[in-house]
Amino acid sequence: MLSDRNMATSSVISGFYKLQPKERLAIIKDFAGLTEDEVRLLENTGSLPIDVADHMVENVIGVFPEPMGIGVNFQINGKDYLIPMATEEPSVIAAASYAAKMVRDGGGFHTSSTAPVMIGQIQVVKIKDGETAKKQVLDAKVGILKKANDQDPVLNSFGGGAKDLDARVIETTMGQMLIVHLFVDCRDAMGANAVNTMAEAVSPMIEQLTGGHVYLRIISNLAVKRLAKAWCTVPKEAVGGETVVDGISYASAFAAADPYRAATHNKGAMNGIIAVVLATGNDHRAIEAGGHAYAAFNGPYTSFSKWVKNKNGDLEGSIELPMAVGLIGGAVKTHPIARIAMKILNVKSANEFGEVLAAVGLAQNLAALRALSSEGIQRGHMSLHARNIAVTAGAKDAMIDLVAERMVKERKVRVDRAKEILDELCTKQ
Ligand code: MEV
């Protein structure tokens, strides 16, 4: 019996998209060493039991299913990954897989990351003098860090915990404030609970030291100390020739210079990142907030990925953004499908997870820019969108593709046209 991941090891699965869901699942079962129970959970589209859901959030009345697919072809630091992606948007998974294939031709993705350090903010108001209060806090650093670390011996035992602190005086509409930053190494947790607990625990000490009043004690989603980076080289032949390389470089320069474009450029990267974050039960709002805030960290809002043509005429790309994700905590372990998604992803640390996410973001961004700088986004998008429209019009099984193909051919992807085609095909049967 296969209980471990020891059969298929390549993420290149030719014709994966042409298979039926059951056939795809058999391949993933083999790759990830899924058990029969896990396969049954994935096959059962109502796999989040109501009592589990009821413990996850409040006022539960049901669950909201979303499709989960697999991004194929990913090679990151020489290791093959199959990427679980949950999204409602057609073409995202196909596009990521296509881009991963192009990148693979150039040696795959390379990644790095900083230590998993999150920032806890403590807001001190009603201080007499900002600089004096700052000195009082900095002088008491050792004691404050000890108090913080007393809150989480388990995190300490894994080498994490509050490692340092800093303080800034800011001017606001309500006067000077001292903002204390607690730097907490969260190891394999996203860390919000640990950081918030520590920030709350040290606040009375900070009030005592400064004579001020503490209001907010909360993690910052601008996780500039927890960054993941991915980069790759794509051979010009793989991307469609030097004209396309130029087009992607121009697109990158456009996004770097123009916030209107940067927002869409970054949204494209987030299409991939968030799909994985969602599938794995992590906090996708934290990733969105952190990514976009980071894109405006050094001035006007800009792109968090860059593409340039190198001296050989090939395309070089890189992306860097905060990655506050965890392997434990939140819904990661409680949501049955998130647990399986994590198993398929097969990452061993939150850092590795963040790096994979950065690579997926870069792939997704590449796919969008390649399409935009060549045939345009609508052709590929429309054929997948057409299937949705066909379903909306009532098509089932084989009819879905037949109706979709006709609409794409006619360039009329609309529900009214789908209904007409469907009626026509049904009368012929
Ligand atoms: C659509 O979901 C994403 C794109 O708009 C991204 C981009 O323009 O780069 C295609």
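This is a predicted model, so every value here is computed, not measured. In listed order, ligands and their atoms are each counted from 1. Numbers here are sequence positions counted from 1.
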Provide the number and element of each atom of ligand 1 under 4.0 Å from a heavy atom of [X].
{"X": "Glu89", "result": "1 (C), 2 (O)"}
{"X": "Thr264", "result": "5 (O), 6 (C), 7 (C), 8 (O), 9 (O)"}
{"X": "Lys267", "result": "1 (C), 2 (O)"}
{"X": "Leu372", "result": "7 (C), 8 (O), 9 (O)"}

Polar proximity ligand 1 side, Asn365 side, N/O cut 3.5 Å exclusive: no
message: Any salt bridge linking Lys419 with Asp416? Criterion: basic side-chain nitrogen under 4.0 Å from a carboxylate oxygen.
response: no
- prompt: Heavy atom under 4.0 Å from ligand 1: found in Gln364's side chain, backbone, both, or neither?
  reply: neither
statement: Counting heavy atoms under 4.0 Å, the part of Asn271 that contacts ligand 1 is side chain
Non-hydrogen protein atom less than 4.0 angstrom from atom 4 (C) of ligand 1: no
query: What distance do Met407 atom CE and Glu410 atom CD have between them, rounded to the nearest 0.5 Å?
result: 9.0 Å
Test your reading of the model: is there a side-chain donor-acceptor pair from [X] to the backbone of [Y], 3.5 Å cut-off?
{"X": "Lys343", "Y": "Gly33", "result": "yes"}
{"X": "Thr114", "Y": "Leu227", "result": "yes"}
{"X": "Arg339", "Y": "Lys333", "result": "yes"}

query: So, do Tyr294 and Phe304 have ring centers that fall under 6.0 Å from each other?
result: no
